[in-house]
K.L.:
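Take a look at the following structure, please.
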There are 2 protein chains.
Amino acid sequence: MTASPSTSRDMASSRIFETLKQDLIRGRFAAGEKLAISALKDHYRVGLSPLREALNRLAAYGLLEQVNQRGFRVPAMELEELDDIAGLRAQLECMALTQAFQAGDSEWESQVLAAHHRLRRADEHPEQVEEWEQAHLRFHRALLASCGSHWLLRFIEQLHDQFDRYRRLAPPNPAVRKALDRQHGELVELALSRDIRAARALLDDHIRLSHSVARGCCESPASDDDT
Amino acid sequence: MTASPSTSRDMASSRIFETLKQDLIRGRFAAGEKLAISALKDHYRVGLSPLREALNRLAAYGLLEQVNQRGFRVPAMELEELDDIAGLRAQLECMALTQAFQAGDSEWESQVLAAHHRLRRADEHPEQVEEWEQAHLRFHRALLASCGSHWLLRFIEQLHDQFDRYRRLAPPNPAVRKALDRQHGELVELALSRDIRAARALLDDHIRLSHSVARGCCESPASDDDT
DNA sequence: TTGAATTAAAAAATCGATTTTGTTGAGATG
DNA sequence: CATCTCAACAAAATCGATTTTTTAATTCAA
């Protein structure tokens with residue numbers, strides 16, 4: 001983790017927000033589940049006020065739904081919505097990629113290379129899923145970082161989080177995963193050579209391929225795991 | 001207002017959220033201003049908990065900034081950001097327009113016509129600014145409503161709110177306003193005839209023109225007005 | 001037996017008070 | 001004279017209790 005230089009310990013509400021956000025993306029809660037607030041309070045060992053503030057933020061972000069006078073629930077997962085998310089993600093990321101290639105300087109190139117290196121390292125430890133997930137997110141972030149549009153990056157991040165919520169539920173597919181990994185390397189090369197056309201096509205393919213994997217999320221009986 | 005059939009009175013936090021959202025977009029607070037929470041509490045006559053929940057939602061939505069341990073502040077207004085917002089808005093709305101034209105049925109056509117009619121009616125009462133603003137927002141919403149992408153519409157709405165925050169601060173320009181109004185009518189015609197190419201060009205122009213007006217937000221000494 | 005009405009239990013939303021943290025300015029120190 | 005320290009203050013964040021609303025269970029009448 002590159003962030004938080006010990007000087008800035010943040011509020012309880014921010015901590016619980018991050019924790020809940022990750023748990024929602026990781027699929028720790030069932031889709032459509034109604035969240036029992038006092039149960040969350042006990043489980044995460046936080047007070048009611050910070051917890052409710054975090055829930056409100058998550059609802060505004062789209063990772064929870066707030067129903068009038070009856071609390072919060074985890075959004076349902078529907079293939080139709082996944083298709084929407086993936087399609088829009090492809091369009092927005094291709095848009096950002098073009099701008100990133102046009103505006104990117106050598107500092108950007110370095111960051112992309114560095115992020116890719118960390119991703120490959122994370123690949124070597126398949127047991128540390130969360131490390132890989134973080135490195136993967138950061139690689140895609142680095143690739144588009146120089147696009148110059150704060151709001152575009154913001155929306156892409158939001159879509160990525162939504163997308164991952166589906167993808168993480170889908171059964172892994174080693175063959176496809178290998179192809180996806182290869183594409184990461186190819187994206188780096190195309191970034192360095194500033195081949196916009198080829199890179200757009202590749203990124204579009206990349207998201208499409210990942211999308212096809214994520215679509216498996218609604219089949220398997222969600223074999224649970226981990227900590 | 002078409003919503004809320006008396007049966008569903010919503011929570012204090014939702015009410016204060018809507019009120020604050022509107023006040024932020026209308027420019028009732030100075031850009032960069034730090035919000036004094038207890039002052040807000042007194043002014044809006046609400047408790048601390050619902051108020052804080054509303055502030056958290058607004059921060060997640062992008063209409064406020066939350067600073068670590070020192071409360072909330074109104075985001076600064078920068079021309080650079082306005083350009084970002086307007087540019088992205090143009091791209092996303094043109095994207096949505098294309099899809100809306102392809103998927104729109106006769107019900108959609110009716111809604112567009114109806115929304116346009118209300119907008120023209122609102123035009124006749126220049127003193128009721130808020131009525132016009134609402135009708136205007138709803139017209140643009142209706143035009144894209146049939147695009148089929150929940151998330152695209154969501155982002156467009158968010159950008160529209162951000163854009164209006166700048167536009168509302170800019171001095172009015174009756175000549176340009178007239179041109180913009182004319183474009184609304186032309187958009188309706190192009191929608192009915194499904195002329196995607198022309199409509200895209202027109203919508204792009206429309207946003208660009210509105211953008212040029214909004215850019216005046218940083219010059220004038222913000223002569224205040226209304227209620 | 002069904003179904004509307006009542007009420008008891010549970011959960012969410014809100015309030016008022018407390019704790020924690022950041023800010024300011026007076027006085028001490030170099 | 002500038003800078004540092006520390007107390008007093010102000011503001012934000014959090015807690016625990018109360019109020020409001022929903023949900024479920026149960027009763028009573030048709």
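In what follows, every heavy atom counts, from backbone to side chain, and hydrogens, waters and symmetry copies are set aside. So you know, we letter chains A, B, ... as the sequences are listed, proteins then strands, and number each from 1.
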K.L.:
Tell me, please, the opening and closing nucleotides of DNA chain C, 5' to 3', among those with an atom under 4.0 angstrom from a non-hydrogen atom of chain B.
P.N.:
dA13(C) to dT23(C)
K.L.:
Can you name the side-chain contact (heavy atoms from CB on, under 4.5 Å) partners of Ser49(A), sequence neighbours left out?
P.N.:
none
K.L.:
Please list all pairs meeting salt bridge (Lys or Arg N to Asp or Glu O under 4.0 Å) that have one or both residues in residues 151-167 of chain B, counting only residues at least two apart or in different chains.
P.N.:
Lys21(B)-Asp161(B), Glu133(B)-Arg167(B), Arg141(B)-Glu157(B), Asp164(B)-Arg167(B)
K.L.:
By the salt bridge (Lys or Arg N to Asp or Glu O under 4.0 Å) test, which pairs, at least two apart or in different chains, include something from residues 67-83 of chain A?
P.N.:
Asp83(A)-Arg215(A)
K.L.:
Taking side chain to side chain donor-acceptor pair (under 3.5 Å) as the test, write out the residues that go with Glu93(A), two or more places apart.
P.N.:
Arg89(A)
K.L.:
Enumerate the residues from residues 11-18 of chain A whose closest heavy atom to DNA chain D is under 4.0 Å, giving them by residue number; use none for an empty result.
P.N.:
Met11(A), Ala12(A), Ser13(A)
K.L.:
Taking side chain to side chain donor-acceptor pair (under 3.5 Å) as the definition, give me every residue that meets it alongside Arg121(B), ordered by chain and number, with sequence neighbours left out.
P.N.:
Glu124(B)
K.L.:
Does a donor on one side chain sit under 3.5 Å from an acceptor on the other, for Arg52(A) and Ser13(B)?
P.N.:
no
K.L.:
For residues His140(B) and His206(B), is any side-chain donor paired with an opposing acceptor at under 3.5 Å?
P.N.:
yes
K.L.:
Does Gln111(B) have any side chain to side chain donor-acceptor pair (under 3.5 Å) partners at least two apart in sequence or in another chain, and if so, which?
P.N.:
Glu107(B)
K.L.:
Could you check if a side-chain atom of Leu55(B) sits within less than 4.5 angstrom of a side-chain atom of Gln66(B), using non-hydrogen atoms only?
P.N.:
no
K.L.:
Counting only non-hydrogen atoms, which of residues 43-56 of chain A are less than 4.0 Å from DNA chain D?
P.N.:
Gly47(A), Ser49(A), Pro50(A)
K.L.:
Tell me the interatomic distance from Ile37(B), atom CD1, to dA12(D), atom C1', rounded to whole angstroms.
P.N.:
6 Å
K.L.:
Apply side chain to side chain donor-acceptor pair (under 3.5 Å) to Glu33(B) and list each qualifying residue two or more places apart in sequence or on a separate chain.
P.N.:
none
K.L.:
Measure from CG on Leu35(B) to P on dA12(D) and round the result to the nearest Å.
P.N.:
9 Å
K.L.:
Looking at residues 59-66 of chain B, who's got a heavy atom less than 4.0 Å off DNA chain D?
P.N.:
none
K.L.:
Do any pairs count as a side chain to side chain donor-acceptor pair (under 3.5 Å) and have a residue in residues 36-48 of chain B, sequence neighbours left out, and if so which ones?
P.N.:
Asp23(B)-Tyr44(B)
